[in-house]
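So the structure is just underneath, and the comments pick up after that.
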Amino acid sequence: MNDVQLNIRGESWFQDEDLVRLMTLLNRDGDNARIVGGAVRDALFNIFWKRKRKIGDIDIASRLTPLENIELLEQAGIKVVATGLKHGTITAVINKKPFEITTLRKDIRTDGRHAEVEFSKDWSDDARRRDFTINALYLGKDGTVYDPLDSFQDIKAARVRFIGDARKRIREDALRILRFFRFSSDIEVGGVDEEGMLAAVELKDLIGTLSGERIRDEFKKILTSKRAMQTIPMLATIGLLREILPECNGYGDFLKYIKREKKLGRKNVIGRFSCLLPKDEKIIVEASRRLKLSNKERDQLIAYSRNYERHDLRKKTLRRVLYLNGKDVVIHNLIRLGLLDKKSLGYINEYQIPEMPLSGKDLMKEGWEAGRDMGEELKRRETAWIDADFNLKGIQGSP
C-alpha cells in the first residue's frame, strides 16, 4: 500500500464545512472513514492533468457498520436515510447535501450482476472489488491519498485499467464494458488500455444482457465525453456500437455535428444521439423504447428527424421557422446542416417567439360559426400573420 501526500487540503470542495464536519465525526475514534471513487479520481486528474472538472457527489467508505454509522450520525443530529442498508449504504444529509456512506465490503460470490458481499475492516478488500484502479483510491480527512492497489501510477499515466483480470471483472457485471470506454473517453489524454479493450471485444455479447436504462445512462455519457469523436468510431470498428445501438446507420453526421457544436459552445446529447439514428420514426420509437428514453427525449428525436428544408439566416426567415418549429429543433437542424453561426445563435436565444393573437372565440365574435370553415379561416389568418412577419394587419378579415 502506498500513501501519497498532495496539495488537496487547499481545495475548496475539500474544505466544505459540511464535509469537514462529517469526516471529523466519522473519524473521531480513529481512521474509520475516507472519501473514495469519483471525487478522488477527478481531484487527482485536476491536479496532474490541469483539468477543471467540478467535484460533484462525494462518496465515503467506512470501516464502521451501517448501524454504527447511523447511531453516530443521529446522535450528532444529522439526518440519515437508509438508502441501501443491506448493501451497507446509508446517506447522510447535511444542509440538503447528500453524502453516501458505504461500509467496506469484500465479494463472496458474483452472478454477473448481483454480488454477495460481507462487511470488512480492510481497505484492500474494498479496493479489490471495485472496477478500475483509478476508482480505488481513498482520501483521508488530512488530505492523504491512500493507494491499496498501487493505482496511483494509472492516474499519472491517464490510464483506465481493470482491477485484476479484465474478463473476470466484466463477467461480474457487463456494464463495466461501457464504463471502461466512458472513462477512457472522458480523460482526454492517454490511450485505451489494450487488455481492457480486448476483453471488452471478446465479451461484447454480454451487453445484450443489460437493461435498457443501464445502457442508456452510460451511452449518453460516452456521447458527451471529451473524446466522443474518437470513441464512437472506435466502438463501431471493434463491433461494440452495434451491440449498444443496433439501429445506428453510421457516424459521419455525428462527427460533423460535434465539430459544429464545439464552435458554438454547445453540447446537446439528444442532438448527438439523433445523428446516429436513421430518420425513420418507427425505428426511433423502437430505439427509445429499448433504451427506456423519456417521452420528452423520444419526442425530441422524432422532431429532429422530420423534414427540415435549408433556408437563409435572415431574421425574418428565422422568426418564421422558429414559430413553426421551436428553438430546439431550429438550432439542432441548423447545426446539422452546417448553417448556424454564433451571431444567429445569439439572436435565436434572445428572440421571444410570439403567440397567435387570434383564437376561435375571436372569430365567433366576428360572426363565424364553430366548424370546419372557421378552422380553415383561423389557419388562413395565422398563415397571413406569419407571412406579414407577425404583424396584426396580417390577420384582418371578415366573415
Side-chain angles (χ1 to χ4, degrees), residues 1 34 36-41 57 59-62 66 83-89 100-138 147-151 153-155 159-187 192-222 225 231 235 238-244 291-292:
M1 179 185 293
R34 299 172 182 173
V36 69
V40 183
R41 177 193 69 233
D57 294 339
D59 296 332
I60 297 171
S62 172
T83 44
L85 201 56
K86 70 176 182 178
H87 301 295
T89 301
E100 196 170 89
I101 305 167
T102 302
T103 298
L104 303 186
R105 298 170 294 178
K106 63 179 180 180
D107 286 337
I108 303 303
R109 63 177 62 86
T110 61
D111 63 3
R113 168 70 193 279
H114 302 288
E116 183 180 336
V117 300
E118 66 179 31
F119 298 144
S120 172
K121 298 287 186 181
D122 190 330
W123 299 102
S124 296
D125 284 342
D126 190 72
R128 278 191 288 269
R129 71 178 303 275
R130 295 180 181 273
D131 48 10
F132 309 113
T133 56
I134 59 173
N135 291 333
L137 291 149
Y138 300 78
D147 183 9
L149 305 180
D150 196 21
S151 305
Q153 60 178 330
D154 291 324
I155 292 287
R159 176 175 55 221
V160 179
R161 187 166 59 89
F162 282 96
I163 293 172
D165 181 73
R167 289 164 181 80
K168 179 176 182 293
R169 305 320 303 273
I170 288 172
R171 288 191 180 97
E172 289 172 353
D173 186 355
L175 189 70
R176 288 172 175 163
I177 294 176
L178 302 186
R179 286 173 57 82
F180 171 74
F181 287 103
R182 190 249 289 186
F183 284 123
S184 298
S185 187
D186 208 36
I187 288 178
V192 178
D193 179 66
E194 183 177 354
E195 181 186 352
M197 182 166 68
L198 291 175
V201 172
E202 179 183 324
L203 300 173
K204 64 180 183 294
D205 290 351
L206 293 179
I207 292 174
T209 66
L210 297 170
S211 68
E213 293 94 335
R214 300 184 87 208
I215 295 174
R216 173 202 67 207
D217 290 347
E218 289 299 324
F219 189 54
K220 285 168 71 173
K221 291 174 183 176
I222 291 173
S225 62
T231 301
L235 291 177
I238 62 180
L240 264 74
L241 187 57
R242 183 171 58 250
E243 301 293 332
I244 299 167
L291 293 176
K292 302 295 190 294

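In what follows, every heavy atom counts, from backbone to side chain, and hydrogens, waters and symmetry copies are set aside.
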| query | Is Glu172 paired with Lys168 through a side-chain N to carboxylate O contact shorter than 4.0 Å? | reply | yes
| field | Heavy atoms of other groups near Asp165 CG, more than 12 under 6.0 Å | value | yes
| Pair Arg159 + Asp154: basic N to acidic O under 4.0 Å | yes
| remark: Here the gap from Arg41 atom CZ to Asn135 atom CG, rounded to the nearest 0.5 Å, amounts to 5.0 Å
| note | Output for pair (Leu104 CG, Phe119 CZ), nearest 0.5 Å, gives 10.0 Å
| said: Checking the side chain of Arg169 only, and the main-chain atoms of Ile163 only, is there a donor and an acceptor separated by less than 3.5 Å? | reply: yes
| field | Of Arg130, Arg129, Arg128, the residue whose pairing with Asp126 passes side-chain hydrogen bond (donor to acceptor under 3.5 Å, both in side chains) | value | Arg130
| request: Return yes if some donor-acceptor pair links the side-chain N/O of Ser184 with the main-chain N/O of Phe181 below 3.5 Å, else return no. | output: no
| Rounded to the nearest 0.5 Å, how far apart are CG of Leu149 and OG1 of Thr133? | 8.5 Å
| Where is the tightest heavy-atom contact between Ile155 and Leu137, given as atom of each residue plus distance? | CG1-CD1, 3.6 Å
| request: On the 0 to 90° scale, with breaks at 30° and 60°, tag the Phe132-Phe180 ring pair as parallel, tilted or perpendicular. | output: tilted
| Reported CD-to-CE distance for the pair Glu202 and Met197, which is rounded to 0.5 angstrom | 13.0 Å
| When rounded to the nearest 0.5 angstrom, what is the spacing between CG in Leu198 and CD1 in Ile238? | 9.0 Å
| note | With sequence neighbours left out, the residues meeting salt bridge (charged side-chain N to carboxylate O under 4.0 Å, His left out) with Arg105 are none
| query | Could you go step by step and tell me if Arg214 and Asp173 meet the salt bridge (charged side-chain N to carboxylate O under 4.0 Å, His left out) rule? | reply | CA-CA 11 Å; Arg214 300 184 87 208; Asp173 186 355; 2.9 Å; yes
| Any side-chain heavy-atom pair of Glu100 and Asp57 under 4.5 Å | no
